[in-house]
Protein chains: 2
Amino acid sequence: MARPTKKQQQANLPEIIKDAAWRQISEAGASSLSLRGIARELGITAPAIYNYFPDRDALVTALISDAYASFGDRQLDAMNSVPGPGRELDRLRATGLAYRAWALDHPHRYMLIFGNPVPGYVPPMQELMPVMMRSISALTGTIGELYALGMIDPQAIPLPQVENSQGFCDTMAKGDETTLTVLSIAMLIWSRVHGLVSLEITGKLPPYASDGAALYEFELDSVARQFIRLPQNAPDTAP
Amino acid sequence: MARPTKKQQQANLPEIIKDAAWRQISEAGASSLSLRGIARELGITAPAIYNYFPDRDALVTALISDAYASFGDRQLDAMNSVPGPGRELDRLRATGLAYRAWALDHPHRYMLIFGNPVPGYVPPMQELMPVMMRSISALTGTIGELYALGMIDPQAIPLPQVENSQGFCDTMAKGDETTLTVLSIAMLIWSRVHGLVSLEITGKLPPYASDGAALYEFELDSVARQFIRLPQNAPDTAP
DNA sequence: TTATTAAATTTACAGTGTAAATATACAACG
DNA sequence: CGTTGTATATTTACACTGTAAATTTAATAA
């Protein structure tokens, strides 16, 4: 008997498949994701999934895309939770706190995006670029605001070489030095929160096990101290 | 025919197996490491490997242990390359530069240690603890020297809760606040270099592709600026 | 020489992703 | 209504993985 009767033919099967995949990832880790396991859970045979995803990598890419969307939502929510002018610093801190909060809420999604957890899978950057750019737009946007207000400490920040950016910032930073500076600072900040959060999530920061929050907030303060200066209304009057 | 004649019975077969594993990892990535693949390369059947490693995880653990040793060697070499008193800051920077240099030389070993690349494998911390502690001893040692010289900026650094340290610092930091501070700073510094290096190695810092060095040295300077102060010989004379 | 041990073999099993051929339910058209 | 077409599943099959068990042989010790 091929193709059973439409007993309860769930309309949006791709979503159901992804849900099962997430459940499986949450329980057994992202690396032991199995098409057959998903099929088993859904009472379906494995090759049936191939009608919705050409291969396992396509499913993983769809999961990553969704994870980026979820991550980006939280980042933008955090940014929008501190609206209005004059509160740019609080806005930056809110996105910083939201970064760790989302990672702790969804450690497997975090590792799926920013880690290397799926064997032999290389993410198709070109396909993921839009949702990836959106997810960091909260950070780059807020940094951009601070820069426009003259609140970025004018250090000699190394700028990226645009010719090397493999389609990464073709749209957002073509030669514009301001944008490049903003992007550079965002990268430096990102690498710092990523360093701490990824170590915490993978349990490689043992002594702090239950109090990574204190260390993380210390790091956020340190980030602000490094890059931010208070706006100087009359910079020329200084000696 | 079982067990072929001792034609060229390489004495140290475990080492040869590990070499083949490294070669395979370098070519196809750590996630696609295969006992059968190793056996094929060595002209041997797969179960033969079980005489030297009880299972695949044991082989991975051995690889990780060796990687830690190699990493620790480079860290200690860097530390020892700037000997003598009065050069503690240069010593710190040397270990920092050696960190990235080793990671770029052995990206797969780096990801094997500090990443999550092998499906379903969880490292046996207890077994790896000694070689792991040794590998970070260059950093903690130098930080300790700077601390003893009063060159550590006395910030309110969050301390780890020893009761949470799952055997991590049982020997090195039992309640001693000085040691805990040093360990804390080492963790913060580690998370920063790890953040930058892991992003660079996994190609997630696209715009800087060929010039991660500049960004990294900027970060090292920033680290030093945050934690280090020049020694004050007469601190009480200040107003 | 004989017995023992160590190291490799063959065989087998359960699991994986995926390609190919096949069968059926459903929708549209004559 | 009957026929056809297509989407969606199934079954079957293949190559691959790690690993357990039994077996066979080379090297060593008694």
Side-chain angles (χ1 to χ4, degrees), chain A residues 1-18 20-21 23-25 27-64 112 117-124, chain B residues 1-18 20-21 23-25 27-64 112 117-124:
Chain A
M1 71 206 70
R3 184 172 192 181
T5 176
K6 187 184 187 177
K7 43 186 176 184
Q8 50 180 11
Q9 197 171 29
Q10 317 273 14
N12 46 354
L13 205 39
E15 291 300 320
I16 296 181
I17 291 174
K18 284 193 290 183
R23 210 172 310 127
Q24 199 164 313
I25 283 178
E27 289 166 4
S31 56
S32 62
L33 189 152
S34 144
L35 286 193
R36 289 183 125 108
I38 295 172
R40 211 177 301 126
E41 178 176 334
L42 298 182
I44 271 180
T45 57
I49 301 180
Y50 281 72
N51 287 311
Y52 305 96
F53 301 97
D55 55 3
R56 200 196 56 155
D57 284 8
L59 172 59
V60 173
T61 299
L63 294 176
I64 289 182
L112 199 60
V118 176
Y121 170 83
V122 291
Chain B
M1 69 207 74
R3 183 168 194 185
T5 174
K6 188 183 185 177
K7 42 187 176 185
Q8 50 179 13
Q9 199 171 29
Q10 317 272 12
N12 46 353
L13 204 39
E15 290 300 321
I16 296 181
I17 290 174
K18 285 193 289 184
R23 209 172 311 126
Q24 200 165 312
I25 283 178
E27 289 166 3
S31 56
S32 61
L33 190 152
S34 145
L35 287 193
R36 290 184 125 108
I38 295 171
R40 212 176 300 126
E41 177 175 336
L42 298 182
I44 271 179
T45 58
I49 300 180
Y50 281 72
N51 286 313
Y52 306 97
F53 301 96
D55 54 2
R56 201 197 56 155
D57 284 7
L59 171 60
V60 172
T61 299
L63 295 176
I64 289 181
L112 199 61
V118 175
Y121 170 84
V122 290

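Proteins get letters first, then strands, A, B, ... in listed order; numbering begins at 1 in each.
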Inset, instruction - Could you please name the option among C/dA7, D/dA9, D/dA20 that lies closest to any side-chain atom of A/Leu13? - result: D/dA9
Legend entry - Distance, rounded to the nearest Å, where A/Ile38 contributes CD1 and C/dG15 contributes C1': 15 Å
Legend entry - Distance below 4.0 Å between B/Tyr52 side-chain N/O and C/dA8 OP1 or OP2: yes
Inset, instruction - Grab the CD1-P distance between A/Ile44 and D/dT11 for me, whole Å please. - result: 12 Å
Legend entry - Whole angstrom value for the distance that separates P of C/dT9 from OH of B/Tyr50: 14 Å
Inset, instruction - May I ask you to verify whether the side chain of A/Asn51 and the base of D/dA9 hold a donor-acceptor pair under 3.5 Å? - result: yes
Inset, instruction - Measure the OH-NZ distance between A/Tyr52 and A/Lys18 for me, rounded to the nearest 0.5 Å. - result: 13.5 Å
Inset, instruction - Sequence neighbours left out, what passes side chain to side chain contact (heavy atoms under 4.5 Å, CB included) with A/Ala28? Give chain and number order. - result: A/Ser32
Inset, instruction - Provide, to the nearest angstrom, the distance between the CD1 atom belonging to B/Ile49 and the P atom belonging to C/dT10. - result: 15 Å
Inset, instruction - Have a look at A/Ile38 and tell me which of A/Ile44, A/Ile17, A/Ile16 forms a side chain to side chain contact (heavy atoms under 4.5 Å, CB included) with it. - result: A/Ile17
Legend entry - Test side chain to side chain contact (heavy atoms under 4.5 Å, CB included) applied to B/Pro47 - qualifying residues, sequence neighbours left out: B/Thr45
Legend entry - Euclidean distance, atom CG of residue A/Leu59 to atom P of C/dG17 [Å, nearest integer]: 10 Å
Grab the N/O contacts between the protein and nucleotides 13-17 of chain D below 3.5 Å, and write none if there aren't any.
residue: D/dT17; atom: OP1; partner: B/Ser34; partner atom: OG; Å: 3.2
residue: D/dT17; atom: OP1; partner: B/Arg40; partner atom: NH2; Å: 3.2
residue: D/dT17; atom: OP2; partner: B/Arg40; partner atom: NH2; Å: 2.8

Inset, instruction - Kindly write out the residues that satisfy side chain to side chain donor-acceptor pair (under 3.5 Å) with A/Ser34, not counting sequence neighbours, or none if the list is empty. - result: none
Inset, instruction - Return the value, rounded to whole Å, for the distance between atom OH of A/Tyr121 and atom P of C/dG17. - result: 15 Å
Inset, instruction - Using distance alone, with no hydrogens and no angle criterion, decide if B/Ser31 and A/Tyr121 have a side-chain donor and acceptor under 3.5 Å apart. - result: no
Legend entry - Options C/dT10, C/dT18, D/dA9, nucleotide nearest the side-chain atoms of B/Thr45: C/dT10
